[in-house]
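Okay, structure first, notes after.
Chain identifiers are assigned alphabetically (A, B, ...) following the order of the sequence lines, protein sequences preceding nucleic acid strands; residue numbering begins at 1 within each chain. What you see is a predicted model, and the numbers here were worked out from it, not measured in a lab.
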Amino acid sequence: MSRIQSTFATLKQQGKTALIPYITAGDPHPKHTVNLMHTLVKHGADMIELGVPFSDPMADGPVIQRASERALVHKVGLTAVLDMVKTFRQTDQKTPIILMGYANPIEAIGATVFADRAKAADVDGIITVDYPPEECGGFVKELRARDIDPVFLLSPTTEPKRVEIIVNQASGFVYYVSLKGVTGAANLNIEEVSERVASIRKQTNLPVGVGFGIRDAATAKATAAIADAVVVGSRMVQTIEASNDDNLLDNVATLMTELKTAVDAAKK
Amino acid sequence: MQLYDMPDARGHFGQYGGTFVAETLVEALEELRVMYEKYRHDPEFLAEYHYDLKHFVGRPSPIYHAKRLSDKVGGAQIYLKREDLNHTGAHKINNTIGQALLAKRMGKPRVIAETGAGQHGVATATIAARLGLECVVYMGSEDVKRQAPNVFRMKLLGATVVPVESGSKTLKDALNEAMRDWVTNVHNTFYIIGTVAGPHPYPMMVRDFQAVIGDEAKVQMMEMVGHQPDAVVACVGGGSNAMGIFYPYIDVPNVRLIGVEAAGHGIETGMHAAPLTANSPVGVLHGNRTYLMQDADGQIIETHSVSAGLDYPGVGPEHAWLKDIKRAEYVAITDDEAMAAFHNLCRTEGIIPALESSHALAYAEKLAKTMSKDQIILVNLSGRGDKDINTVAKLANITL
């Protein structure tokens, strides 16, 4: 059983929903990333989604694009991100790490080499935003051969027929993108999300994570009641953006505590 | 008989092309794919498209024998396919009409576009005005500065121009931003992509709408000289005008197809926009797999060209395929060489070419010298150069 799978199993026994914060590796500066990861875990992260900076993050809104740009100033690419995970693993062998990024940095080093390096760094899952299942069969095989979970996105416009194709490729969990649009966009319609999650559950036993549009304790709590995992991205990155070197870890800890309390208070 | 049969059903040209997009876009592309399949051979749709090409654009565009230029250069005869004479001054309108008519049939009241030099933005704003569609054009803020007259044209035509401040503030960033708009507003919005790039079905669809260039040229050359040209030369940024004139010639033997990329300051300086000529690594950007200018980390690098319309780090996937199967050749022309060809055509023929097209002209001049007087080079003169006068004046230290 992969680290992601066993984490979900444990939480399920406890009747809890996973809290998964997203940060972009190298933002605001590469020297902070590993410390930030430990802070996230200390204050309630069950898993971490670590963004791989990319020059052209088409599916992200301005907040996460700026995070990528801040990281790219320091030339933080896929190799540097894998090194950060290795460093993190020296003191944390328990928390699953899911890399989230775009196809081109992976294509640049090749699927097999990437899968080997991700395994060596002890990465648990990979979300590749612009690799739909039809285009990445070989890549998925490489990951699964190494017990790395390929995590796929489902959107409000994904038809049930496609959900079937996607859940057959995915492992670990599936990630329901709760909004049409890019990361950090407008409001969350919780009834709509609830219906969609229920319908996805009819097609798969995989845990269902929900992200995009979760901005505060209230939305986190409402989402936690219906999902197996709550992913908080843009709000986390905004907090990082608004901080300085001195208060960065404290500000992130405060936000995490608020979100964790909300997620744990959700009635399942 | 058309032997060449690309792309496959999922938009692949060999390993190139495809549909590399976020899940949020998959349904929208599927809807577009189905609708385009429905209408691409529909007689009524095609009649409406060709009616507008004739009466609104002024097609067919003529082919012109540039005799004085040919004499001056020496060697092969240079003929020009005059896309610069189209309404709005470039080939871009051929494609925007096709896509806008499709948008109308799909019941989408709003169209969006990305633009580099502004020609595609103007062509989109033009057809949107003609059909009564709302129009939003994304343009890198660097390009907004470089191409102010086109920005004004779009505004006159009722379009909203959104300057894009992210990334390198050029065409690729405008494309990113337009994609984001589309993901968010897909229920009422049609994204009119201006080149043969993007996810399937765009590279195929844009090629099909631009193929009118090559279809006409094949007929016109027979009428004018009784045979096809020895070589067809066109500039390549994303590659839509080149694909448009190449495509009908792919199955015609003994016609060389030559795509001319922007070498900027020179391929060896790294400051260029010529992924095919430089043999850049293959990668994924903007929904398709193709040759792509990037660093070792797979980050897209900034491109350099005097011509905003060629300033793009990737290239249409079908060009990547044609390069690999050796049906087309790809070469590059520097900023300086393009400028010289620009002035040459102005002075010898009384035609002000776009800086993009000047790259094709510059290579045609080089090639002509190696060929005999009875041979023919057909250059796709993809656009007129009025939009570039500020750039040219600045480079020549002339105050307007």
For [X] and [Y], indicate whether the former's side chain and the latter's backbone hold a donor-acceptor pair under 3.5 Å.
| X | Y | answer |
| --- | --- | --- |
| Gln299(B) | Pro53(A) | yes |
| Arg180(B) | Gly61(A) | no |
| Ser55(A) | Ile300(B) | yes |

Is atom [atom1] of [X] surrounded by more than 12 heavy atoms (other residues, nucleotides or ligands) closer than 6.0 Å?
| X | atom1 | answer |
| --- | --- | --- |
| Asn205(A) | CG | no |
| Lys323(B) | NZ | yes |
| Lys141(A) | NZ | no |
| Glu302(B) | CD | no |

Write down the atom of [X], the atom of [Y], and the distance for their closest heavy-atom approach.
| X | Y | answer |
| --- | --- | --- |
| Ala108(A) | Gly298(B) | CB-CA, 3.7 Å |
| Pro132(A) | Phe20(B) | CD-CA, 4.1 Å |
| Glu135(A) | Gly18(B) | OE2-CA, 3.2 Å |

Under 4.5 Å from any heavy atom of chain B, what part of [X] do you find: side chain, backbone, both or neither?
| X | result |
| --- | --- |
| Glu159(A) | both |
| Val76(A) | backbone |
| Ile106(A) | neither |
| Leu78(A) | backbone |

Notebook entry, point to check: Taking atom CG of Leu72(A) and atom CG of Asp295(B), what is their separation to the nearest 0.5 Å?
Noted result: 8.5 Å
Check whether any side-chain heavy atom of [X] lies under 4.5 Å from a side-chain heavy atom of [Y], and answer yes or no.
| X | Y | value |
| --- | --- | --- |
| Asp56(A) | Lys172(B) | yes |
| Ser166(B) | Glu69(A) | yes |
| Thr157(A) | Val26(B) | no |

Salt-bridge criterion met for [X] and [Y] (N-O under 4.0 Å):
| X | Y | answer |
| --- | --- | --- |
| Asp297(B) | Lys75(A) | no |
| Arg162(A) | Glu23(B) | yes |
| Glu107(A) | Arg289(B) | yes |

Region of [X] that comes under 4.5 Å of a non-hydrogen atom in chain A:
| X | result |
| --- | --- |
| Ala28(B) | neither |
| His12(B) | side chain |
| Leu175(B) | neither |
| Val21(B) | backbone |

Notebook entry, point to check: Would Val284(B) and Asp130(A) count as a side chain to side chain contact (heavy atoms under 4.5 Å, CB included) if you check the C-alpha gap in whole Å, the side-chain angles of each, and the deciding distance to 0.1 Å?
Noted result: CA-CA 9 Å; Val284(B) 167; Asp130(A) 50 354; 4.0 Å; yes
Next item on the list: Could you walk me through whether Gln294(B) and Asn104(A) pass the side chain to side chain contact (heavy atoms under 4.5 Å, CB included) test, one step at a time?
Entry: CA-CA 9 Å; Gln294(B) 53 184 304; Asn104(A) 200 54; 2.9 Å; yes
